[in-house]
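Atom set for the values below is all heavy atoms of this structure, side chains included, hydrogens, waters and symmetry mates excluded.
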Amino acid sequence: MMAVSQPMLEKDSDDCSLLPLVHDVIKCMDKDKDGQDVHQELMKLKTKIQKAREQISNMPGIDSSPQEQQQQLATLREQVRTKNQLLQKYKSLCMFDVPKAS
């Protein structure tokens, strides 16, 4: 099974909290009665929600069912177990011992 490369996310994309933007919208609603600032804050919120939707749709495995994901996980765990066994076997052969410099 091949490894899936994960796309690099923008540095600020780690912040998925919408609460600060909702708070800003509410503050603007209290201060600004004509709605220009409210509209601007709502656009920021809408943009952030759209970015979150795009990131979710681009996540690896999002199109797999939970059963498929569990099967992949079991397969990968088996591969790790086998590789660890091989690693222990090769370590015990002492092929990787490096003589110490005197």
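For Gln50, the side chain to side chain contact (heavy atoms under 4.5 Å, CB included) test picks out Arg53, Glu54, with sequence neighbours left out. Under the rule for a side chain to side chain contact (heavy atoms under 4.5 Å, CB included), the partners of Gln85 that lie at least two apart in sequence or sit in another chain are Arg81. Lys46 pairs by the salt bridge (Lys or Arg N to Asp or Glu O under 4.0 Å) definition with nothing, not counting sequence neighbours. In this structure Gln71 satisfies the side chain to side chain contact (heavy atoms under 4.5 Å, CB included) test together with Thr75, sequence neighbours excluded. Partners of Leu19 under the side chain to side chain contact (heavy atoms under 4.5 Å, CB included) rule, at least two apart in sequence or in another chain, are Ser17.
Considering every non-hydrogen atom in both Leu21 and Lys48, the closest pair reads CD1-CD, 3.4 Å. The shortest non-hydrogen separation linking Leu42 to Val25 is CD2-CG1, 3.8 Å.
Contact annotation: the side chain of His23 never approaches that of Pro20 to less than 4.5 Å [non-hydrogen atoms, C-beta and beyond]. Considering only heavy atoms from C-beta on, Leu76 stays 4.5 Å or farther from Val80 through its side chain.
In the hydrophobic clustering of ILVMFWY residues, with side-chain heavy atoms under 4.5 Å counting as a link, Ile26 and Leu18 come out together. At a threshold of 4.5 Å between side-chain heavy atoms, the hydrophobic network of Ile, Leu, Val, Met, Phe, Trp and Tyr places Val38 and Val22 in two separate groups.
Put simply, OG on Ser65 and CD on Gln70 are 9.5 Å apart, with the number rounded to the nearest 0.5 Å. Note that OG1 of Thr82 and CD of Gln79 are 7.5 Å apart. Values are rounded to the nearest 0.5 Å.
A donor-acceptor pair is defined here as one N or O able to donate and one able to accept, closer than 3.5 Å; such a pair exists between the side chain of Gln69 and the backbone of Gly61.
The hydrophobic cluster containing Met43, built from Ile/Leu/Val/Met/Phe/Trp/Tyr side-chain heavy atoms closer than 4.5 Å, comprises no other residue.
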